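Take a look at the structure set out below.
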Amino acid sequence: MKMKRAALFILLCLLTPRPAAGSGLIASDTLWSGVVRVEGKITVQKGSTLSIAPGTVIKFSDKGDEKGGLNIFGRIVARGTQGQRIVFTSDKKGQEAWDEIYINSAGPSVISWADFRHATWGMHVHFTHMEISHCRFIGNEGGIRFRSGPMLIEENLFTGNHIGIRAYFGEAMIRRNTISGNNIGIFVSQGPEGLQISGNNIAGNDWYNLRIGDFEPKPVRVSGNWWGSPEQSAIESRIYDKRRDSHVGEAIYRPFLAAPVENSPAVSMPGPAGSIIQKENGQKEDFK
Amino acid sequence: MKKSFFFFFLVFALASSLLAAFSGVGVSQACVGRILRMGVVDGRSSRAVAELYIVLIAERTGTTAKPVFFKNDQLMYQAAAKGQLDFLIDDTEQAMAEADAIGVRVGRSSAPEKTYLALKGAFEQRLGLIWLAPFPMRGLNGRSALGAPVIRQKALQNFPALPRVLNMLARFLNTGSVERLAAQTSSEAGLKRAAENFLKERRLI
C-alpha cells in the first residue's frame with residue numbers, strides 16, 4: 001500500500017504543470033507567461049503552437065556548448081501590448097549571449113510589441129507567413145534575417161545591431177520601421193525581387209544604410225524611404241551598390257522622402273538640414 | 001506484493017517516458033540558406049587565414065562559410081573529390097609534399113611562383129580545381145610558399161562571383177600579416193574579432 005502511494009506521489013509530481021523552462025520539445029499547444037528561463041534550445045514541433053502572454057520575459061542561457069534559443073516548426077503567437085511588452089533576452093549580459101528564434105516552414109506566426117536584446121540574430125525566418133510589428137531589436141548581432149515569406153515587418157525599431165535586417169530571396173513588405181544606429185541598416189544579400197521596402201526611416205547607420213551583397217548584380221528597389229538627408233550625394237554615401245562596385249546591383253532609391261516618416265518608432269537619428277531627431281518622449285536609454 | 005510491484009513498475013515506466021519526452025536534447029537547426037563548405041588543413045596560421053575568408057564572405061555576401069578541418073592535404077582533397085567541399089585553402093609547399101597522394105605529379109621549382117603556376121595548371125586539368133590569386137606565406141619546414149584559395153569548378157556554377165570576393169584578400173596577405181594575426185589570438189571569439197579588425201582596417205568590409 002505504501003509503495004502504491006509513493007508511486008502515485010511520483011506520478012503526480014511529474015504530471016503537475018511546471019514552469020515553462022529547461023530545454024527540449026514542445027509537442028502540444030503551450031502558453032508561456034511570467035518569467036521563462038530557456039536553457040539551450042526548445043523546439044516547437046509542427047502542429048503545436050507556442051503562445052506567449054503580454055509582459056512575459058524569456059531569458060536564454062547556454063546548455064553546454066548549445067546556445068539558448070527557440071526552433072519553431074509549429075507556430076509562435078507572441079502578442080505583447082504597448083504597456084506590457086514581451087522581452088526576449090539573455091540570462092547574462094553581453095553580445096551574442098543567446099542564439100536566435102529560428103522559424104522554418106512554420107504555420108502563420110505573429111510577434112508584436114516585443115523586445116529582442118543580446119541575440120546572435122533576434123529572428124531567423126524561412127518559408128513562413130510571419131508578421132513582426134511594433135518590436136524593438138536592440139544590441140543584437142543582427143535583428144531579422146529571412147528567406148522567402150511572406151513577411152510583414154512593420155513599425156519596428158532596429159538600433160545598436162551589427163545588421164538591422166538581412167534578406168535572402170525574401171518576399172516581404174517592410175514599412176514604417178526605424179532602422180538607425182546599426183552598422184548596416186538593411187543588407188540585401190541576394191534575390192531582391194520580392195521585397196517592398198518603403199516608408200521607412202533608414203538613417204544614421206554607421207557603415208551603410210543599405211548594403212547590396214557582392215553576389216547580387218540586379219537592381220534593388222528601395223524608393224520612398226527617408227535616408228537621413230534630402231541630398232543625393234549624402235544618401236549615396238551611405239549606400240553600397242553599383243556606384244561603389246560595378247559588379248553589384250544598383251539601389252533604386254529615388255524618389256525618396258524629404259523628411260522622416262511620422263508615426264514610426266523614434267530614435268536619435270539624422271533629420272532634415274542636419275538636425276537630430278530625439279528618441280520618443282525625450283527619454284535617454286542606453287541601447288547598447 | 002507482486003501486484004504492487006507491477007503497479008510501481010508501470011508508474012515508473014510512464015514517468016520515465018514523460019521525462020524523456022519533455023527533456024530531450026534540443027534539436028540544432030542549420031540555416032537552409034546557401035552554405036559554403038571550406039576545407040582547411042588544421043594549423044594555427046591556416047585557422048587564421050580561414051577566419052579571414054569566413055568573415056570576408058559573410059560580410060560582403062551574407063553567405064555563411066563553414067570551415068571543415070583536416071589532418072592533411074590528402075584527406076582534404078579526398079573530401080573535395082567527393083563534392084563535400086566548395087573550396088579549400090592550400091599552399092604550394094603542402095600541395096607539393098602530398099602531390100603524389102593527391103594524384104597530381106608536378107615538377108618542383110625553386111621559385112614558389114613557378115610551382116604555383118605548375119600546380120594551377122595540373123589541378124585545373126586533372127582535378128577540376130582552380131587555384132585563385134596567391135599570397136606569400138611560410139609553408140612546411142619554414143620554406144617560402146604561396147597560399148591560395150582553391151575552388152571546385154562545380155562550385156562556380158552556384159557561386160559565380162565567389163572568385164572575385166576571394167581574390168580581394170590576396171594582396172593584403174603575406175607571411176608577416178598571417179603570422180601576426182595567428183599570434184594575436186588564442187580563442188575562437190578572439191580570432192573572429194581580430195579577423196574583423198584586419199578586414200575593416202583594409203576597407204574590405
Side-chain angles (χ1 to χ4, degrees), chain A residues 1-4 6-8 10-11 13-15 18 22-27 38-43 45 63-64 66-71 73 96 99-100 102 104-105 124 126-127 145 147-148 162-163 166-169 183-184 187-190 207 211 213-217 240 245 247-248, chain B residues 1-36 55-65 156 158-169 188-189 192-193 196 199-200 203-205:
Chain A
M1 189 64 183
K2 273 184 184 173
M3 195 177 266
K4 200 182 237 180
L8 278 172
I10 292 168
L11 183 62
C13 287
L14 287 164
L15 291 177
R18 296 173 298 163
S23 62
L25 301 172
I26 291 178
V38 174
E39 283 180 24
K41 293 287 194 306
I42 285 186
T43 297
Q45 287 187 331
K63 184 181 184 187
E66 185 181 68
K67 283 186 170 184
L70 298 177
N71 294 323
F73 302 108
E96 290 192 49
D99 195 12
E100 61 188 9
Y102 176 77
N104 188 4
S105 304
H124 180 175
H126 290 286
F127 306 107
R145 62 189 274 201
R147 177 180 185 177
S148 188
H162 176 49
I163 297 173
R166 194 173 84 187
Y168 174 76
F169 290 97
N183 285 338
I184 297 170
F187 192 135
V188 178
S189 55
Q190 268 184 280
W207 297 8
R211 172 66 155 98
D214 283 22
F215 288 168
E216 181 50 74
Y240 190 100
D245 182 342
H247 298 89
V248 172
Chain B
M1 184 63 189
K2 268 185 185 171
K3 208 174 170 184
S4 295
F5 181 79
F6 177 73
F7 182 72
F8 185 84
F9 179 79
L10 196 69
V11 169
F12 182 78
L14 179 61
S16 301
S17 58
L18 278 170
L19 268 178
F22 284 97
S23 63
V25 177
V27 182
S28 180
Q29 299 301 326
C31 178
V32 297
R34 288 195 302 181
I35 292 176
L36 282 161
V55 175
L56 180 79
I57 291 166
E59 292 292 341
R60 296 197 64 93
T61 72
T63 302
T64 303
L156 288 175
N158 290 330
F159 301 94
L162 183 60
R164 195 174 66 83
V165 175
L166 295 176
N167 282 340
M168 287 176 182
L169 195 51
E188 206 172 299
K192 187 182 178 205
R193 272 195 300 277
E196 284 169 351
L199 296 170
K200 212 171 164 190
R203 304 175 72 87
L204 286 168
I205 59 173

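Chain A is the first sequence line, chain B the second, and so forth, proteins listed ahead of strands; every chain is numbered from 1. Note that the structure is a prediction, hence the values are computed from the model and not measured.
- B:I57 contributes atom CD1, which lies 6.5 Å from atom CZ of A:F215 (distance to the nearest 0.5 angstrom).
- Heavy atoms closer than 4.5 Å to chain A are found in both the backbone and the side chain of B:L162.
- Heavy-atom distances place no part of A:F169 under 4.5 Å from chain B, backbone and side chain included.
- Side-chain contact check for A:D245 versus B:R60: some heavy-atom pair is nearer than 4.5 Å.
- The neighbour count for B:R193 CZ, taken as heavy atoms of other residues, nucleotides or ligands under 6.0 Å away, does not exceed 12.
- Heavy atoms only, all atoms of each residue included: A:S189 and B:G62 are closest at CB-CA, 4.0 Å.
- Closest heavy-atom contact between A:D214 and B:M168: OD2-CE, 3.6 Å.
- The minimum heavy-atom distance between A:W207 and B:K200, with the atom names listed, is CZ2-CE, 3.3 Å.
- There is no contact between A:E216 and chain B, counting heavy-atom distances below 4.5 Å.
- B:E59 and A:R211 make their closest contact through O-NH2, 4.2 Å (heavy atoms, listed as atom of the first residue, atom of the second, distance).
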